[in-house]
Peer 1: 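Got a structure for you, written out below as C-alpha cells; questions coming shortly.
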Amino acid sequence: MSPMSLLLNLLWIVFGGLWMAVAWLVAAVIMAITIIGLPWARAAFNIAVYTLLPFGQTAVSRAAHTGREDLGTGPLGALGNIIWLRRPQPQGSARPISWDRK
C-alpha cells in the first residue's frame with residue numbers, strides 16, 4: 001500500500017469509514033442468520049471490507065480475476081431468471097398487478 005493510500009485510509013477510518021464497515025458487517029451477520037439472505041451476506045461482507053480500506057483497492061470483473069465467466073450471467077442464468085419470474089406467486093405478493101395478465 002502506498003503512503004498516500006495509507007494516509008487516505010486512515011482519514012477515511014477516522015471520519016466515518018469504521019462505522020460504515022461495522023454497519024455492513026452487522027448487516028452481513030443478520031443476513032447470514034436466514035437461509036434466504038446467505039448470498040447477500042457474502043456480498044455485504046465484501047462491501048464491509050471495501051468500505052473499511054477503500055483507497056488502494058481495485059474492483060475487477062470475475063472473468064478477469066478467475067479467467068472464466070460467471071454462471072449467473074450466461075444462458076443458464078437467463079433461463080433461471082425466466083423460470084423465477086414466471087413461477088406462481090402467493091396471494092398478497094409484491095409482484096405488480098400489471099404482471100397478472102390472464
Side-chain angles (χ1 to χ4, degrees):
M1 185 179 304
S2 71
M4 181 59 84
S5 294
L6 181 63
L7 176 66
L8 290 172
N9 280 326
L10 287 174
L11 288 172
W12 175 259
I13 289 171
V14 168
F15 289 111
L18 179 64
W19 295 112
M20 193 182 311
V22 168
W24 275 108
L25 192 60
V26 168
V29 169
I30 291 171
M31 289 180 213
I33 292 172
T34 66
I35 293 173
I36 295 172
L38 280 175
W40 291 281
R42 181 172 182 232
F45 180 74
N46 287 338
I47 293 171
V49 171
Y50 286 131
T51 56
L52 184 61
L53 300 170
F55 298 100
Q57 296 197 26
T58 304
V60 296
S61 70
R62 182 175 295 179
H65 181 66
T66 62
R68 54 191 163 124
E69 290 294 322
D70 185 16
L71 181 65
T73 58
L76 289 176
L79 178 65
N81 286 329
I82 290 168
I83 292 170
W84 175 257
L85 289 174
R86 294 306 310 158
R87 68 182 171 77
Q89 296 290 314
Q91 288 293 339
S93 69
R95 195 161 84 172
I97 295 172
S98 62
W99 286 15
D100 293 332
R101 297 184 193 129
K102 295 183 181 189

Peer 1: Determine the minimum heavy-atom distance between Ala48 and Trp24, stating which atoms define it.
Peer 2: CB-CB, 3.6 Å
Peer 1: How far does CZ of Phe15 sit from CG of Leu10, to the nearest 0.5 angstrom?
Peer 2: 11.0 Å
Peer 1: If I take atom OG from residue Ser2 and atom CG from residue Leu8, how far apart are they, to the nearest 0.5 angstrom?
Peer 2: 8.0 Å
Peer 1: Between CZ of Phe55 and CG of Leu11, what distance do you get to the nearest 0.5 Å?
Peer 2: 8.5 Å
Peer 1: Once you round to the nearest 0.5 Å, how far does CE of Met20 lie from CG of Leu52?
Peer 2: 11.0 Å
Peer 1: Just to verify, what does Val26 make a side chain to side chain contact (heavy atoms under 4.5 Å, CB included) with, not counting sequence neighbours?
Peer 2: Val22, Ile30
Peer 1: Which heavy atom of Phe45 sits nearest to which heavy atom of Ala28, and what is that distance?
Peer 2: N-CB, 3.8 Å
Peer 1: Taking all non-hydrogen atoms of both residues, which atom of Val49 and which atom of Gln57 are closest, and how far apart?
Peer 2: O-NE2, 4.2 Å
Peer 1: Within this structure, what is the OG1-CG distance for the pair Thr34 and Leu38, rounded to the nearest 0.5 Å?
Peer 2: 6.5 Å
Peer 1: Distance check, rounded to the nearest 0.5 Å: Leu25 atom CG versus Leu18 atom CG?
Peer 2: 10.5 Å
Peer 1: Report the C-alpha distance between Leu53 and Ile13 in whole Å, list the side-chain angles of each, state the deciding distance to 0.1 Å, and finish with yes or no for side-chain contact (heavy atoms from CB on, under 4.5 Å).
Peer 2: CA-CA 8 Å; Leu53 300 170; Ile13 289 171; 3.8 Å; yes
Peer 1: Spell out, as yes or no, whether a donor-acceptor pair under 3.5 Å connects the side chain of Trp12 to the backbone of Thr51.
Peer 2: yes
